[in-house]
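The sequence lines fix the lettering, A, B, ..., with proteins before strands; numbering per chain opens at 1. Predicted model, so just to flag it, every value in this text is computed and none were measured.
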Number of protein chains: 2
Amino acid sequence: MVRKVTINDLAQAAGTSVTTVSQILNGKGDRFSADTRKRVLNLKVEMNYVPDFNARNLIMKSAQTIGVLVPNVGNPFFSELIKGIQTIARENQFIPIIFSSNHDAELEKYYLEKLVERSVSGLIIASAAITAEVIDEILNPNNIKYLLIDENTVEAGDTVQTDDYHGGQLAAQHLIDLHHKKIAMIISDSLTNNLRRRLQGFEDVCIKNDIDLKTDIVKIASPMTKRGGYEAVTELVKHPEVTAVFTINDEMAVGVYRGLRERKIDIPNDLSVIGYDGIEWGEYFSPKLTTIRQPIIELGKKSAEVLLNRVNNPKVKTQTVNLPVELVARESTTQNTK
Amino acid sequence: MVRKVTINDLAQAAGTSVTTVSQILNGKGDRFSADTRKRVLNLKVEMNYVPDFNARNLIMKSAQTIGVLVPNVGNPFFSELIKGIQTIARENQFIPIIFSSNHDAELEKYYLEKLVERSVSGLIIASAAITAEVIDEILNPNNIKYLLIDENTVEAGDTVQTDDYHGGQLAAQHLIDLHHKKIAMIISDSLTNNLRRRLQGFEDVCIKNDIDLKTDIVKIASPMTKRGGYEAVTELVKHPEVTAVFTINDEMAVGVYRGLRERKIDIPNDLSVIGYDGIEWGEYFSPKLTTIRQPIIELGKKSAEVLLNRVNNPKVKTQTVNLPVELVARESTTQNTK
DNA sequence: TTGTAAGCGTTATCAG
DNA sequence: CTGATAACGCTTACAA
């Protein structure tokens, strides 16, 4: 077993004190002779010295770490989100620790505590298994900043969100422009705030266009996964009057594709489908998925920026970022001819 | 700002010494009176005491952390792998820190160093941007155990792998059973060891069946992504004699689907497609993707098990796990009638 | 049954 | 320009 090289070893090798080494290595060594400086720097590389993280953080009280809680890394939406976060984190010399909580409140709480234990500086929470209140209860006493996004948005504090309400509007308007009047909505079996806004936008536009929420709209709730979408089709086909379906996210749309295909129902000729998210995969399905695109990577980046800014300047005034969404009309929706 | 409660505060409140508190909280307090024990335990909850992670690890020399390096979290193969790792990690009270290196050697090295800095106990590396030698060079002096899997397998040391060679054989045999004689292989533009084995198995079976590697097989190299598969089609269609295509992973197959569809080439009637990996998405595409299924979650679990076992018992003898693969014949392959 | 004190590897203060 | 020395919060011999 090789003992780790410590600052002591390095100081000894350089024939200086640990103070000297520490200062030089931390960029505070202007006052030392160029000679000493070079000697230390070289030795550091040569001896492969890496400062001990724990010792360092113990005294610095910062682990240069942020935590990220998502419901499901398997969903491309979240893996793209993570990419955005990772980019900004890296630029700021922060490390993100990512947990996928699988919509399991128990697990989520467990991870939350682990993260607190590690004294992360901040947290980005995109998962809503546990409520904002509980999160606050755990995080606040430990002075950990956090940002709730996507599933877990709230009104107060720093906010980074996409315009879900408008996204819902766009989706409805698109279907209505195509003369659809009987529409199915495939929604989550546990609605979070962002999803509620999304639906609200959708429904408001429907109402404005004389589409009756009671008689013209079919709502089907299911888990927000490919399988959930797939299973929702069983219910969907019980409503033959429906000519278009809005799925609350792209992953469910993919499930719907499969369900319809297995029943020989053609998209878009028998049934138009519009999704939500704008994941890369949508373009690879046949027909290419019409959807509402969120700027996912951007959402990740902005979230990280806002959080880190808060971490670095606790007193900065409330930050609000609103990102636009857009309709991406592709092949899965078409004119209603019935 | 709320100061964190330390073991000292707790000891003071309990009217005992820190030793007492420490011992009791670490389950080594049998020797103390039930009374003291209860007092300390209660106070811990009451005062919301959480041991300082850094201080603790500094002395324990273990951060109960493993690092995981994958090329791309966006690829479902890796997100499933991560799920498996996370499950076992959690069971063992370990935290996985996951990095997606994007096939960028620079980035990979950066993350590797960050991980070393944090004195992780072990590392699972499924990414091959940098070589095993460099990895060894960085990790060994720091006494960090690691396990190379998937892209980055080697012959020596602990090994967890799926039977790539056999997988390649299965794929070839399947196509040959369907009477395909002119076959395209869409492969990675940077072949890693596991992929080489995969190809070797494929080619060996071809040879055994009088298929000439020179004249009957077309090889197209492209990045291992959806887009890479998509772009490979441009080259693929230059070979109209080809009746079947083997893509080295499922994600590329998805890209091929799109490329062929845009050219009105029907799968499987004009061209059979077989992928590799067995990601969940394969079943959601139309036609459902025929593929070679690797036990991905299992691969993640076993990897974590083997690594953690190595971490806990450095002297245990070399561990080898070989996981089976299987052909999943679905709809994207059919008899060759040409 | 309990407490004292040393030490983990680092940074920061302050005196040379 | 440089180096003792304290301090961070914890665990663990070793005493009592």
Requested in this report: Using atom NZ of K28(B) as one end and atom C1' of dT1(C) as the other, report the distance to the nearest whole Å.
Outcome: 18 Å
Query - Side chain of N8(A) - closest among dT10(C), dT2(D), dC10(D) - result: dT10(C)
Query raised in the report: Does K83(B) pair with E80(B) as a salt bridge, N-O distance under 4.0 Å?
Result: no
Report task. Please work out if F53(A) contacts a base, only the sugar-phosphate, or nothing of the nucleic acid, heavy-atom cut-off 4.0 Å. Result -> nothing
Report summary line: The nucleotide from dT11(D), dA12(C), dT1(C) with an atom nearest the side chain of M60(B) is dT11(D)
**Report entry** Euclidean distance, atom CG of residue N54(A) to atom C1' of dT10(C) [Å, nearest integer]
**Finding:** 11 Å
Query - SB check E298(A) K301(A) (cutoff 4.0 Å) - result: no
Query raised in the report: Within the pair T36(A) and dT2(D), is there a side-chain N or O less than 4.0 Å away from OP1 or OP2?
Result: yes
Query raised in the report: Going by heavy atoms in the side chains, are V40(A) and L25(A) under 4.5 Å from each other?
Result: yes
Requested in this report: Let me know, please, whether V18(A) or A34(A) comes out on the 5' side of the other along DNA chain D by nearest nucleotide.
Outcome: A34(A)
Query raised in the report: Touch check for S22(B), heavy atoms < 4.0 angstrom, all strands: base, sugar-phosphate only, or nothing?
Result: base
Report task. Could you tell me whether a side-chain N or O of N312(B) sits under 3.5 Å from a main-chain N or O of L308(B), the two making a donor and an acceptor? Result -> yes
Query raised in the report: Of the nucleotides dG3(D), dT5(D), dG9(D), which has the atom closest to the A55(B) side chain?
Result: dG9(D)
Report task. Could you work out which one of dC10(D), dT2(C), dG3(D) sits closest to the side chain of T16(A)? Result -> dG3(D)
Requested in this report: Identify, between I59(B) and V50(A), the residue whose nearest nucleotide on DNA chain C lies closer to the 5' end.
Outcome: I59(B)
Report task. Please name the residue in the list T65(B), V120(B), V68(B) that meets the side-chain contact (heavy atoms from CB on, under 4.5 Å) test with L115(B). Result -> V120(B)
Query - Sugar-phosphate only, base, or nothing, as touched by T19(A) at under 4.0 Å among non-hydrogen atoms - result: base
Query raised in the report: R31(B) CZ to dT12(D) P: how many Å, rounded?
Result: 11 Å
Query - Under-4.0 Å side-chain N/O to phosphate OP1/OP2 contact, S17(A) with dG3(D) - result: yes
Query raised in the report: In whole Å, what is the span from the CG atom of D35(B) to the P atom of dT2(C)?
Result: 8 Å
**Report entry** Of V21(B) and Q23(A), the one whose closest DNA chain D nucleotide lies more 5'
**Finding:** Q23(A)
Query - Value in whole Å for how far the C1' atom of dT11(C) lies from CZ of R56(A) - result: 9 Å
Query raised in the report: Picking from dG9(C), dC10(D), dC1(D), which would you name as closest to the side chain of K61(B)?
Result: dG9(C)
Query raised in the report: Between R39(A) (CZ) and dT2(D) (P), how many Å, whole number?
Result: 8 Å
Query raised in the report: Which whole-number value in Å describes the distance from L58(B) CG to dG9(C) C1'?
Result: 6 Å
Requested in this report: For D30(A) and dT2(D), give me the distance from atom CG to atom C1', rounded to whole Å.
Outcome: 15 Å
Requested in this report: Check every strand shown and say whether N26(B) touches a base, only sugar-phosphate, or nothing at a heavy-atom separation below 4.0 Å.
Outcome: sugar-phosphate
